[in-house]
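Here's the structure, in structure tokens; my notes come after.
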Amino acid sequence: SSSTGGSGGSGKDSGNPAVGATIYKFDDNFMSYVRRAMEDAAKGNVKLMLNDSQNDQSKQIEQVDTLIAKGAKSLAINLVDPKAAQTIIDKAKPKNIPVIFFNKEPDEKVLKGYDKAYYVGTTSSESGVLQGEMIAKAWEANKDKWDKNHDGKLQYVLLKGEPGHPDAEARTKYAVDTIKQKGIQVDELAMDTAMWDATKATEKMDAWLAKYSDKIEFVIANNDGMALGAIASLEKAGYFSGDKFMPVVGVDAIPEALEMIEKGKMVGSILNDAKNQGKATVQLAANAAKGKDVLAGTEWKLDDKKAVRVPYVQVDKTNIQVGKDAYK
Amino acid sequence: MATKKSNISKWLFDNVIYVFLVLLVIGIVVASPDFLSMTNLINILSQSSSRIIIALGMAGILITAGTDLSAGRMVGLAAVVSASLLQASDYAYKMYPHLAELPLIVPILIAMAVTGLIGAVNGVIVSKLHVPPFIATLGMMIGVYGITSIYFDRPPYGAQPIGGLSQSFTTFAQRGIPVGQYEIPYLLLYAIIASILIWVMWNKTQLGKNMYAIGGNPEAAKVSGVNVARNIIIIYMIAGLLYGFSGTLEAGRVGSATNNTGNMYELDAIAACVVGGVSLSGGIGTVPGVITGVLIFQVINYGLAFLGVSPYIQYIVKGLIIVVAVAFDMRKHAKKK
Amino acid sequence: MATKKSNISKWLFDNVIYVFLVLLVIGIVVASPDFLSMTNLINILSQSSSRIIIALGMAGILITAGTDLSAGRMVGLAAVVSASLLQASDYAYKMYPHLAELPLIVPILIAMAVTGLIGAVNGVIVSKLHVPPFIATLGMMIGVYGITSIYFDRPPYGAQPIGGLSQSFTTFAQRGIPVGQYEIPYLLLYAIIASILIWVMWNKTQLGKNMYAIGGNPEAAKVSGVNVARNIIIIYMIAGLLYGFSGTLEAGRVGSATNNTGNMYELDAIAACVVGGVSLSGGIGTVPGVITGVLIFQVINYGLAFLGVSPYIQYIVKGLIIVVAVAFDMRKHAKKK
Amino acid sequence: MSEAGNTYLLEMQNLTKRFPGVVALNNVSLKVKAGSVHALMGENGAGKSTLMKCLFGIYSMDEGKIFFDGKEVQFTSSKQALENGVSMVHQELNQVRQQNVMDNIWLGRYPHKGIFIDEKKMYEDTKAIFQSLDINIDPRSKVSTLSVSEMQMVEIAKAVSYHSKIIVMDEPTSSLTETEVNHLFRIIKRLQSENVAIIYISHKMEEILKISDEVTIMRDGQYITTKDAKELTTNEIIKLMVGRDLSQRFPEKINEPEEVILKVKGFTAETQPSFSNVSFELRKGEILGIAGLVGSKRTEVVEALFGLRSLKSGTIELRGKAVKNDTPQKAIKNGFALVTEERRTTGIYPELSISFNSIIANLKQYKKGIFLSDSKVHDDTKWVIDSMKVKTPSQKTSIGSLSGGNQQKVIIGRWLLTRPDILLLDEPTRGIDVGAKFEIYQLINNLAAEGKGIIMISSEMPELLGVTDRILVMSNGKAAGIVNTKTTTQEEIMRLAALY
Ligand SMILES: Nc1ncnc2c1ncn2[C@@H]1O[C@H](COP(=O)(O)OP(=O)(O)OP(=O)(O)O)[C@@H](O)[C@H]1O
Ligand SMILES: Nc1ncnc2c1ncn2[C@@H]1O[C@H](COP(=O)(O)OP(=O)(O)OP(=O)(O)O)[C@@H](O)[C@H]1O
Ligand SMILES: [Mg+2]
Ligand SMILES: [Mg+2]
């Protein structure tokens, strides 16, 4: 891939300025698209030095040291741990290097504390809120079929990502809160972490199905990977054939999930706009590296939190094409 | 009388680990009587199946006083390779858009050949370059992850789970033989077949005896004319083949694969082996022990989730049970002579 | 003449690992001459510092023929505990909103006391209950993660990274002593002090000799009048203290902590020890060796990133280098015959 | 002897083998005739085992040639050696303890039936071999449950079972009792009649002249001479080995037993079958021997005395005061020291230095505050090396690379450093050469003369008779009697040993 600054390249000697970037986890399925969009946007514009932080914040801090030592003119940082933003700014500020955080939002106060720091991405809670809205909408529309025990309450099980991971925490909290806000009563039958992992999700689902069988009315997953794992378990238990059905939702709208949505095995997912997030990040970082105004020559606007917002999109059967276009 | 009693207690002592498994199940049933169902039994057995296959490969290596940290990553590689070659022909996001649907056996054999080869390389590094197994397989673990990631994270779709597996593949891993209202999962059959083959290998063939000898006293094996290097290479290779097969099962079972499939399975496998009585210093281990070790872990995992224990508490309880299980088992060695 | 030459080659043979580190640096410099800078040196050393402290704790345990899988999770617990007690008084999302800003040393000691205690428990499980170290510390690793998560995921803010650390804390871990235009990081000083203390302990005290004896031949140690259990408990406890200190450094260095801090550090630490010549079967290991092992890993990590090698390729190269480093080191044993 | 007497089955010519810091073999030659027993003699560290390991493909020689059965050979693995008609009984027992006896015997050459191992044939063949050699061990018993001597008999049976043209026996009798030694000699005679050549290494002088046809003597890695056994006497051999006269085998006794310092009463082990109701007394300045057949639980008694085994009942009285030796720490504190029988498993730290191995039981003596004094450590190590005459390149050398006998000397030195009042020695001269033995006897004597109490287990009758003051004879876990060395006879001891 084109991720390197070239062997021996320090970024000082060639025409394009060097932008140092860290991705919180290279093989995260969403981030891999952001990465591609970044690589595309960087072509002929800046020299992009990409690093894989392997889901380890201290590794990322070290990579920032390396990038600064290599002469990065600006930094594009996808934090592992949003609270570590201050430490990164502390490293960049003395050298007067601008920092564009993306995808994981730092505290507003931290961002405001350095005039050359910006954020590109969504609001962390938004995916949860949108997922909650989607669940509520689907529930209201299919209540007669899906409320199996006809008690008017939604009995759900929830597959959580890695505990303590900001996305896992936000999605879990806001999805359920939003459903409740919409006036729907809920019962949580079970909630357990499957660590973002499809296999673990299958196995948790096996146990829950054995325990609750027909009492489960909804499966909420923090990401599509776990949703797919749950679907594998549901299929094994005879769901999705005949009239046995279970609504499942995820987040990320990965291709496999789109396929499931089309086949009617999944209610929907939440698409994070990877292309625009990646593009905006590089555009801001490139401008910063060149010493220009960060928004110069772009379509983006900053909100009052020094952030460029790239919204999430709900994807279900009705607008599946939106999801598919994201993978064109 | 006295001797009869002491015979029973001796038997209990020697088989503490089986007793522990039974006690564990009883404990969960007491906490939640509806745990006692055919569905749960089938679930636990089928979840244990691919782990048993991995653990048997690992156990062979442990018995030679080796270790294999690359097991989980090999499972992942095999899962990714087999899944990529077994996507349904009508699936929109195929890794190889123009690949026809292959007969099931071909991708499985390819995946196994790849991991078998990697296993053999592990064996060569250990036996010919004299690199300690921990380091040899640590290097391999890191390297294989890189290879899997490169294979996985490619155009056209990048780092996306490889899904849309063909019907034949998912049937192979998810279905079973109908018996009354239940299905005996194929997975369980594969595990049983693998266990029998491995049992025969360990107990009835020269390779097996050599394996115990190499782990028990490598010097003795050498001066008795055993070709230590060759045996070690074969044993690591067999482990690789088993991981590879298990990797294809993982892909089929879950219906998709990523470069993170199998992550850390080696730790589970080693732990299950040790709980099942395999000695990390080599020379000791049995097939039933390994199977029991895996079952104990799976009963804990499944049981805690079934009981609805909160996730954080699950960790604490699981940690505790593991230590207690082995502490009991160790009492037979502990007594001062 | 001949003997002089053979003396040099013997020296090279015995010190292959130091030679390897030098060759590695030379290799990177050849690929990218601007690697040779004071900044890079300081970066690498300060990045190695907290890892050296962990590795020294681990090495002591390895020398007793033990192992410690719970090291990384203990680092995480110490990071979370110390961070929660050291949030700046004006920070909005404090875990303890009414807690006054404590003097730096108090939270550090509290964190170390906690991990020291856990280490001692590890030691008790290993030496008194005779649970193999692998299993004892695996159980502890899982359990400590549960405990850390429960502590971490609490009202008022739930599972949020613990940030907003006080100025004194971040200074303690992020700053250094100005020397000319550079800063010698405090981290490095802590690592140097820890190394000296551990060197003295290993080489100049009864505890150190006992440690080697227990690892070298536990049966003989018992006969030689070594109180095996007590010494093992102390050595696991010292390791716990070191992990705890290192955990506070991690929190301060990163500026925040989560329940995931320190995940898998044990594997890095064990690998660095083995590359640095510590024997996993016990009885062998030196402080300079351990430090060199950590430096080799850190030079590889830093160097590959500095060279701009693509991340997936980095894995492959890293795996390869580890194996090659140890394969060279092993030639000194292999040649004996 | 056979008419092939003038052609040699094995010729090793001018072998040289170097280890880091040591020239283990310097231009050594050895010629062995078919059907003969060729004794290889030399002090500890003379290079006997190394020479044999070069033959057997364990070490590769640096220089020299080997001719075997008319062809030049250089085996690169033991497998090759075995396949070409050379087998070996190793000095250090080399067995897979977790497996059973027949697995060990057939290791590396299991009988097959298709791809499977033919367990039945294995069992029957093992039985047949044992029968022909008159060995009474169940082929299915686990090696770890055998006594050391049984293990050694299994090793011998294994070496014989290869039907080799030459069998190397490196100290085969180190753990055997007299009956078993005679048994081995019968086996050797039979092999000889089948035209098999034996290379026989031993430090037991009586055996050498009894069994061997020719004797080759080595000293310090050098070849000294080869002679017809008939032309030699024990004293001549010793003289050639050590390079000087050694007129006596045992030093003159100079110790004077005084008042009783140790009373052991009613010692009974917790786990039976083991020793029961063993009582004895030890005087200050006395050397008390313990005799008995293998398996008579002599070892277990001293281990219990040292806190390594649990007692069901029994008391220890030290200078009139009751003491409890629950753990070795307490035993050491009470002034006991134990040189164990199995050097490899409970004695040495193989990877660690001689210095470490010397001082490990005595660390408290080197403490200066919380630190250990390097100079004291150095001095004491030097004392061990000098006074025990340990042959080593340096203090830092790892003990594992020393010859077996030298390792043993370091271990004895280790315990002498603790200045014990009561010294327990379990087969202290096993594998030690005559010269060094004399030195150790002298040492024991001197220690006794200084007022220490010494208990010495030995399976060598002459040694017991030559060194001790009284002898406790054990039989089947019980004390069969205590005899006065001056007045007793070998026959009386044998009778007592077979009492129960
Ligand atoms: N693997 C080794 N590494 C280094 N030195 C060795 C090694 N093996 C043997 N030596 C050295 O070679 C010399 C000869 O040892 P060897 O074991 O052959 O003696 P030996 O005659 O068999 O003595 P013993 O009667 O005590 O068994 C000794 O000085 C020993 O320290
Ligand atoms: N059944 C057994 N299982 C395990 N170890 C055994 C067994 N029998 C004997 N041993 C070991 O062998 C050693 C010698 O055993 P024992 O005390 O019976 O003989 P002994 O009379 O001391 O003979 P010797 O002094 O010649 O060895 C002991 O260290 C003991 O631990
Ligand atoms: Mg309902
Ligand atoms: Mg020898």
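In what follows, chains carry the letters A, B, and so on, assigned in the order in which the sequence lines appear, proteins first and then strands, with residues in each chain numbered from 1. As a basis for the values below, the full set of heavy atoms in this structure was taken, side chains included, without hydrogen atoms, waters or symmetry mates.
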For [X], is it the side chain, the backbone, both, or neither that has a heavy atom closer than 4.5 Å to a heavy atom of chain C?
{"X": "D:Ile348", "value": "backbone"}
{"X": "D:Phe371", "value": "both"}
{"X": "D:Arg343", "value": "neither"}
{"X": "D:Thr340", "value": "side chain"}

Nearest-0.5 Å distance, OG of residue C:Ser224 to CD of residue D:Gln329: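 Taking OG in C:Ser224 and CD in D:Gln329, the distance rounds to 10.5 Å.
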Spacing of D:Leu55 atom CG and D:Thr50 atom OG1 [to the nearest 0.5 Å]: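 Output value for this atom pair is 12.5 Å.
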Partner chain D: residue of C:Gly215, C:Pro218, C:Ala221, C:Gly283 with the largest heavy-atom pair count (under 4.5 Å):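 The residue among C:Gly215, C:Pro218, C:Ala221, C:Gly283 with the greatest pair count is C:Ala221.
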Most chain C-contacting option - heavy-atom pairs closer than 4.5 Å, from D:Leu338, D:Asp374, D:Asn362, D:Asn357: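 Looking at each of D:Leu338, D:Asp374, D:Asn362, D:Asn357 in turn, D:Asp374 comes out on top.
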Geometric cation-pi criterion C:Lys209 and D:Phe356, 6.0 Å radius, 45° cone: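 So C:Lys209 doesn't make the cation-pi contact.
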Ring-face cation of D:Lys17 near D:Phe19 (centre distance under 6.0 Å, axis angle within 45°):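 So D:Lys17 does make the cation-pi contact.
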Chi angles and distances behind the side chain to side chain donor-acceptor pair (under 3.5 Å) call for D:Ser394, D:Thr397: CA-CA 5 Å; D:Ser394 82; D:Thr397 308; 3.2 Å; yes
